[in-house]
Amino acid sequence: MTGLIVAMSGGKSALAQNAQLSTSMRRMVGSGLLVAVGYIDPGNWATDIAGGSGFGYGLLSVVIASALLALGFQVLVSRLALATGQDLATLTARHLSPRMAKAAWLAGEAAILATALAELVGGAIALRLLFGLPLLGGVAVTGVGTFAVLALTRGNADRHERVIAVLLAIVAASFVFLLFKANPAWTEVAQGVARTGGALRDPQGFLIALGILGATLMPHNLYLHSGSLAERARSLPADARDIAMRVARNDTALSLGVAMLINAAIMIVAAASLSGPGLIVSSLDDAHAAIGHTLGAGAAIIFAVALYAAGQSSTITGVLAGRILSRGFQAGRNWSDRRRALVTRLIAGAAAAGLLGYSGGQDPDGLLVLSQVILSLALPFALAPLVLLACRKSIMGRHALRGAWAWAAIAATVGIIALDGYLLADTLL
């Protein structure tokens with residue numbers, strides 16, 4: 001796959017003549033995989049299932065549009081990292097005002113904690129569905145699982161990518177199986193995409209669509225992607241950066257394309273097996289029970305295994321993003337991955353235990369919704385610095401964003417902030 005991505009990116013003759021350059025280009029592949037798992041975490045599952053069960057295939061185009069929008073910003077942050085050899089956090093701290101940099105750092109840390117909360121709760125739900133573990137026990141076991149993976153990878157980026165690739169493959173294979181079992185009518189899928197307008201005119205459908213958008217764009221994934229590529233790009237000669245940008249773009253497009261297909265599959269399975277007149281399945285437990293009833297016990301087990309794998313993979317990337325934040329903003333930069341993971345899991349675990357105890361463990365999915373609200377709040381503090389930095393010629397040189405592309409990035413950022421603000425207001429008011 002690495003060879004295919006490099007070959008698709010051009011510069012074949014230059015790479016053939018320079019073995020060192022060819023090796024450097026191959027190292028550009030893999031960072032897209034790290035961020036792809038962020039688009040299939042339990043928060044995404046909750047919104048995709050609610051959309052599919054309540055509105056059939058009507059919101060499938062929202063899943064696709066959100067993924068394309070996320071792809072645009074991820075390609076932009078990869079361009080920033082490769083043009084400068086620095087990650088988004090470092091550039092924000094260095095070139096923007098101290099007040100904006102501090103706000104970006106705090107928002108990024110809040111996003112990582114929110115994601116950790118969602119993954120711990122999502123993993124706990126999966127373990128309860130599989131083994132009947134109580135939610136608090138499941139939170140603890142999921143946290144221990146994160147440390148086991150970190151111990152296995154030992155801080156090695158290639159090992160991280162291999163473990164995440166395995167977890168992503170489990171999720172993908174699970175939904176291929178569930179799609180086969182659900183056996184959707186593909187003509188109805190196509191007709192449903194054409195009825196997107198009707199779903200969006202429904203107030204509940206519009207809110208779910210905003211939730212899908214909020215769950216797709218995760219601010220800490222922007223830091224993770226830029227940091228991963230910046231580390232690999234520092235030794236690149238200036239004349240190789242154009243090829244590197246194409247390799248990173250194609251790697252990102254392929255990885256996020258897989259994530260988009262998984263999200264689409266979640267919604268299609270929900271629409272094919274859980275939908276009905278006026279029915280909104282907002283609980284992962286309800287979705288698991290309904291899948292077991294309509295598709296069989298084996299399908300329900302596959303669903304729970306995929307949920308756990310998705311949560312665990314996203315938790316790992318959250319730890320890696322935290323490392324980049326700490327280094328870039330000069331806050332706790334000497335912390336090891338294990339120490340950061342411990343502190344993050346302790347805070348998120350304490351929050352999960354407190355909120356689950358307060359609710360009597362009756363609404364764990366509500367914590368997933370809470371995590372998406374926090375991500376929505378944090379998102380502008382990553383997007384605004386990204387677009388500001390990418391448009392500065394003094395930073396990006398000839399790779400600076402100009403003309404229609406710059407205005408498109410600005411318009412998309414303003415639009416996302418406005419929609420996230422609407423979602424937040426509706427959630428809190």
Side-chain angles (χ1 to χ4, degrees), residues 27-28 30-35 37-38 73-74 76-116 146-147 149-151 153-161 163-164 218-236 244 248 314-348 375 378-379 381-386 388-390 392 395-396:
R27 292 186 65 244
M28 296 296 119
S31 59
L33 189 65
L34 290 177
V35 299
V37 296
F73 281 109
Q74 290 292 353
L76 181 59
V77 84
S78 70
R79 183 185 181 93
L80 178 73
L82 292 171
T84 63
Q86 300 291 335
D87 60 81
L88 177 60
T90 298
L91 292 170
T92 300
R94 183 178 299 169
H95 295 286
L96 301 182
S97 70
R99 184 173 296 180
M100 179 177 283
K102 186 173 183 179
W105 167 60
L106 291 174
E109 295 288 4
I112 290 172
L113 284 172
T115 303
T146 300
F147 285 100
V149 173
L150 288 175
T153 56
R154 298 176 185 174
N156 184 289
D158 291 338
R159 290 178 182 172
H160 279 132
E161 290 168 9
V163 169
I164 288 171
M218 291 190 170
H220 60 289
N221 268 352
L222 294 170
Y223 293 108
L224 173 61
H225 199 186
S226 67
S228 175
L229 282 174
E231 290 177 358
R232 307 173 194 211
R234 288 181 188 128
S235 60
L236 280 179
S314 296
T315 302
I316 297 165
T317 58
V319 174
L320 301 179
R323 178 206 298 171
I324 293 166
L325 271 182
S326 297
R327 183 181 60 210
F329 289 111
Q330 302 291 299
R333 60 185 182 277
N334 295 323
W335 285 19
S336 67
D337 286 349
R338 293 184 185 182
R339 184 179 180 185
R340 165 169 278 280
L342 177 61
V343 172
T344 303
R345 261 82 223 145
L346 286 175
I347 296 173
L375 287 172
L379 183 58
F381 297 95
L383 289 184
L386 169 60
L388 285 172
L389 292 166
R392 287 191 182 181
I395 297 171
M396 296 285 287

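Considering NE2 of His220 and CG of Leu379, their distance stands at 11.0 Å, rounded to 0.5 Å. Rounding to the nearest 0.5 Å places CZ of Arg79 at 12.0 Å from OG1 of Thr84. Going from atom CG of Leu320 over to atom OG of Ser31 covers 12.0 Å, rounded to the nearest 0.5 Å. Note that CZ of Phe73 is 5.0 Å distant from CG of Leu383, once rounded to the nearest 0.5 Å. Atom CG in Leu76 sits 4.5 Å away from atom CG in Leu386 (nearest 0.5 Å). Between Arg392 atom CZ and Ile395 atom CD1 the span is 5.0 Å, to the nearest 0.5 Å.
Annotation: side chain of Asp87 is not in contact with side chain of Tyr223 (no heavy-atom distance under 4.5 Å).
Between Ala93 and Gly328, the shortest heavy-atom distance links the atoms CB-O, 3.7 Å. In terms of heavy atoms, Ile112 sits closest to Ala321 at CD1-C, 4.0 Å. Considering every non-hydrogen atom in both Ala390 and Met396, the closest pair reads O-CG, 3.5 Å. Here the closest heavy-atom approach between residue Ala104 and residue Phe329 is recorded as CB-CZ, 4.0 Å. Ala248 and Leu229 get closest at one heavy-atom pair: CB-CD1, 4.0 Å. Minimum interatomic distance between Val77 and Leu222 (heavy atoms only, all atoms of both residues): CG2-O, 3.6 Å.
Ser228 places no side-chain N or O within 3.5 Å of a backbone atom of His225 that could act as its donor or acceptor partner.
Looking at Leu88, Thr90, Leu224 one by one, the single match for side chain to side chain contact (heavy atoms under 4.5 Å, CB included) with Ile324 turns out to be Leu224.
Residues meeting the side chain to side chain donor-acceptor pair (under 3.5 Å) test with Gln86, sequence neighbours left out: none.
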